[in-house]
Amino acid sequence: MTEIEKSYNPLGIEEKWYAFWTEKGYFSPDGIEGRPFSIVIPPPNITGSLHMGHALNSAMQDILIRWKRMLGFKALWVPGTDHAGIATQNVVERQLAHEGLDRHKLGREEFIERVWQWRSEYGGRISHQLRKIGSSCDWSRERFTLDEGLSRAVREVFVRLYNEGLIYRDNRLINWCPRCRTALSDLEVEHEELDGTLTYIRYPLADRNGRIIVATTRPETMLGDTAVAVNPDDERYKDMIGSMIDLPLANRKLPVVGDRTVDPAFGTGAVKVTPSHDFSDEAIAKRQDPQLPFLKVIGEGGRMTDNAGRRYAGLDRYDCRKKVVADLKEAGLIEKEEKYRHSIGHCYRCKTIIEPLSTPQWYVDIKPLAKEAIDAVRDKRIRIVPDSWENTYFSWMENIRDWCISRQIWWGHRIPVWYCQEMRNAECRRQNGIIVSKDTPASCPHCGAEAVALRQDEDVLDTWFSSALWPFSTLGWPDGTDDLRTFYPTNVLVTGFDILFFWVARMIMMGLKFMGDVPFRDVYIHALVRDSRGQKMSKSKGNVLDPLIMVEKYGADAFRFSLAAFAAQGRDIRFSEDRVEGYRFFVNKLWNASRFIMMNLGADDREKLSCQLSDISRDRLSLADRWILSRLASTASETNKALSEYRFNDAANAIYQFIWHEFCDWYIEMSKQSIYSDSDEKWNTLACLLYVLDNSLRLLHPFMPFVTEELWQTIKSYIQANEESIAISGYPETLPFDEKAEDEMHYIMEAIIGIRNIRGEMNISPATEVKAVIKAFDRRIEDILLKNLNYIIRLAKAGDVQVGLNLEKPKGSATSVKDMLEVYLPLHGVLDTEAEIERLLKEKKKIDESLLQAGKKLLNEDFLKRAPKDIIDKERAKYDDLILRNERLETGINKLREMEVKND
RNA sequence: GGGCGAUUAGCUCAGUGGGAGAGCGCUCCCUUCACACGGGAGAGGCCGCUGGUUCAAUCCCAGCAUCGCCUACCA
């Protein structure tokens, strides 16, 4: 007998097996012969710690990679992190602030040094947390976006795009975060609807009496107005085009101009134009001929500049707003103020309201790259799963705008551009002194000026620029490495829809551009994890569930399995801890099933079993054996199919259903008959139990790696496993079905359920042995029942079972009407006739309802004419069956009624 | 403004053009020799509303309602 704990305790077991796997190097594809299968992880940011999203994301990747590894693929999962420019810089700057320092006091080099220090201390946290949930990444290939190799890839890409004219520098309005003091791309701006005020301001005309009223949500920007625009077709205003206005508070004159984008129906139909601080105003200004002047009144820190006038200069933009409104009120120039709800852009990192600012920045001319990326999805060279996301992808890609890639921060890949201060010749001047180079130039390639005359661009690149190269830079590009040849394109990218544009689209563009092939075949987009009420988890709301606490409370296996079971749900996953608890019970169930089997095995039994196992499919197996093997085959088939279609929940549920409700509830109970006997059959049964357990564990291993390994190791010596770990054992795929066994089992189960029905409803204690009489409706059923009486006796706790074709229902029996058979339980006067009649009537009522529906259909000529034949046949069979059952129920009820009368 | 998604048992959600499902919760019976983190039985649903297509609609189409998300230069 083998001793196993009564319940599963993951403590210690998880660490033990993770260490074992990594020591053995199972997570590395090196030395494996199979076809390659690769995934690159969506690199988490080094400032973060593992949250539910990461957990879900990596659980799914791990399920896929473990599954493929077991199927014999040369499976590689590349882990890594990204440097998260703004976020990381923010963290370290906060640290400095505590010390009364800032990065400018420290200087660039020393600051960068500090950030690396921080990174080595805290940046690896998330990688360690991934190990806790069992992620089978190849840690020997772990990458960081600022690694030397990946940095080289970044410079290579920048230089090549620049040389092809796809990267350029321009001075135009960009989204500026006044707190981070950097430019942001359009995607890094989050729009949120907020309650604001629409202020109507009177602008007096300069050259005649009258005024134009403009409406604005940002009164402070009036200080930077350089025109008022109206629609040239607007009868109210068109005569005023060309007139001048006296701009209040600023002592300047502005022209009234015409622009067709002005909506006459909105506000007053007249718009103040602030080209330096509003995107649409910038566009209006540029459409005018000559262009309207640009007057910058807000600076990089969000404070008013000297251009705003002495009264306002230096004020914060929001304080200035108050002052401007107060001043205008005093001057009697406010017409009215209305409440107005509108959407405002915020910095995605620090939530500060964005200020559009005109600054020189680097851009990627994205349209040519986007075109290829659109085609790749259209041609199905890349499959997006679920494909409903394709539309979102297309609509963004088709309306894509140039990508601002420069950031005014220090932590990141410094832009590989130098400016020649001397510009000694015409060529250098023609190039604006710009030098773009992979390596630091020793002198100006245009004019030969010496290195001291060259000043490198201060800015760094958007972090997503390096992330976009991730699928090939992690594999060694720009070098032509073996890894790159073997594993690119990767097979699937698993990610949330929130970074479809940020990351997925950009990887596709860069992969196609620089590798000449897609970066991955499939993109599997999963839902985002929310709390049980559907709220986004966030620290400020305090509704964050820590995955590591889940692992601590329920074990990594139960937690992972929950994530898989949740995975199919649309855009949101409402995470509920109750379900994790439920799956912990499942782990325990599995544990105890294994415990049961092991308790019935002795060390001497190994040899007996091993020869039994080798020919487990022989026909000396019992019906139950053949049935469970067929169910196992069906489960394996469903699991593989579901996984190949990324239906993680279906796969998880198939296994759950099989192990708990078929293997444990039915098969193990049936096996006891044989196991507790002393017959030869015992060894067949034990072999079959072991075989099914072994296969169940292997099916489950990608979902629950730890407990399956622990259990598998305990049965290993009995099952003649060649491998030393379940992680590298084979995954069950195609096993033989046995339809005959499944069919026969159906009637046995019906008989057992029939008896249990009556017991349950009559509140007969499970301890009480009952007599049962089963009437079969044809000889075949009778035969099946007679051959397998032992199962019925055991599972229904029936002491005496009679089976026959022409049995009479004993007096005072409760009845259960089943498919092709009826079960009678003689209750010797204890039967509550009244209650039994009620029970049967209830059942009859259900059948009557179905019968009504089915009858209607079969009387409908259109149905008979137009419905497919198999449906009609099915419907007829159903009808016949219902009629039969109904008659049988009726007979039963009538007999009971007669009896009732007699008893009276 | 444009787009997408959701609405199914008390709760969280699967699902399918042809007899409504799971987990949890609830009710009842049971500490039977793997497991009470267990076993058995049961109750509970005009599948959001209104039309249309169809022999047949919870499923397809249109509209409406409610909620959510994405996207956008309406000041």
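Proteins get letters first, then strands, A, B, ... in listed order; numbering begins at 1 in each. Owing to the predicted nature of the structure, the values given are computational and were not obtained by experimental measurement. For the numbers below, each heavy atom of this structure counts, side chains included, while hydrogens, waters and symmetry mates do not.
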(request) Please say which of A:Glu220, A:Glu355, A:His277 ends up in a side-chain hydrogen bond (donor to acceptor under 3.5 Å, both in side chains) with A:Arg317. (result)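 Exactly one pass, corresponding to A:Glu355.
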Do any side-chain nitrogens or oxygens of [X] fall under 4.0 Å of OP1 or OP2 in [N]?
X: A:Arg756; N: B:G39; answer: no
X: A:Trp389; N: B:C69; answer: no
X: A:Asn653; N: B:A14; answer: no
X: A:His661; N: B:G23; answer: yes
X: A:Lys878; N: B:G19; answer: yes
X: A:Lys589; N: B:G39; answer: yes
X: A:Tyr583; N: B:C37; answer: no

Which listed nucleotide ([options]) is nearest to the side chain of [X]?
X: A:Tyr676; options: B:G40, B:A75, B:C33; value: B:C33
X: A:Lys846; options: B:A43, B:U32, B:G18; value: B:A43
X: A:Glu875; options: B:C30, B:G19, B:A75; value: B:G19
X: A:Phe863; options: B:C37, B:G18, B:C70; value: B:G18
X: A:Glu669; options: B:A75, B:C35, B:A43; value: B:C35
X: A:Arg866; options: B:C55, B:A75, B:C37; value: B:C55
X: A:Lys672; options: B:G23, B:A34, B:G18; value: B:A34
X: A:Asn763; options: B:C29, B:A34, B:C69; value: B:C29
X: A:Ile753; options: B:G18, B:C73, B:A41; value: B:A41
X: A:Thr216; options: B:G39, B:A75, B:C69; value: B:A75

(request) Please state the C1' separation for the pair B:U71 and B:C60 - nearest whole angstrom. (result)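 Between the two C1' atoms, the distance is 28 Å.
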(message) Need one value for A:Ala867: base, sugar-phosphate or nothing, where a base atom within 4.0 Å counts as base even if backbone is also close, heavy atoms only.
(response)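 If one applies the 4.0 Å heavy-atom cut-off, A:Ala867 turns out to touch a base.
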(request) Taking the six-membered ring for Trp and the full ring for Phe, Tyr or His, determine whether the centres of A:Tyr583 and A:Tyr656 are under 6.0 Å apart. (result)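 Between A:Tyr583 and A:Tyr656, the centre distance is under 6.0 Å.
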(request) Figure out the CH2/P separation between A:Trp176 and B:C73, and round it to whole Å. (result)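 Result: 20 Å.
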(message) Need to verify one output field. Residue with the more 5' nearest nucleotide on RNA chain B, A:Asn860 or A:Lys842?
(response)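 Result: A:Lys842.
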(message) Reading RNA chain B from 5' onward, which residue's closest nucleotide shows up sooner: A:Asn391 or A:Cys664?
(response)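 Nearest nucleotide further toward 5': that of A:Asn391.
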(request) Look at A:Lys641 together with A:Glu645 and state whether they make a salt bridge at an N to O cut-off of under 4.0 Å. (result)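 Counted as a salt bridge, because a side-chain N and a carboxylate O are separated by less than 4.0 Å.
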(request) Flag the pair A:Arg647 and A:Glu638 as a salt bridge only when some basic side-chain nitrogen lies within less than 4.0 angstrom of an acidic carboxylate oxygen. (result)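 So A:Arg647 pairs with A:Glu638 through a salt bridge.
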(request) Searching all strands shown, indicate the nucleotide that pairs with B:C49 (Watson-Crick or G-U wobble; both distances under 3.5 Å). (result)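 Paired with B:C49, as far as the under-3.5 Å criterion goes, is B:G63.
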(request) Kindly determine whether A:Lys844 and A:Asp848 satisfy salt bridge (Lys or Arg N to Asp or Glu O under 4.0 Å), including the steps that lead there. (result) CA-CA 6 Å; A:Lys844 184 170 181 304; A:Asp848 283 338; 3.2 Å; yes
(message) Strictly distance-based, threshold 3.5 Å: is any side-chain N or O of A:Asp278 a donor or acceptor partner for the main-chain N or O of A:Thr274?
(response)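 Answer holds: no.
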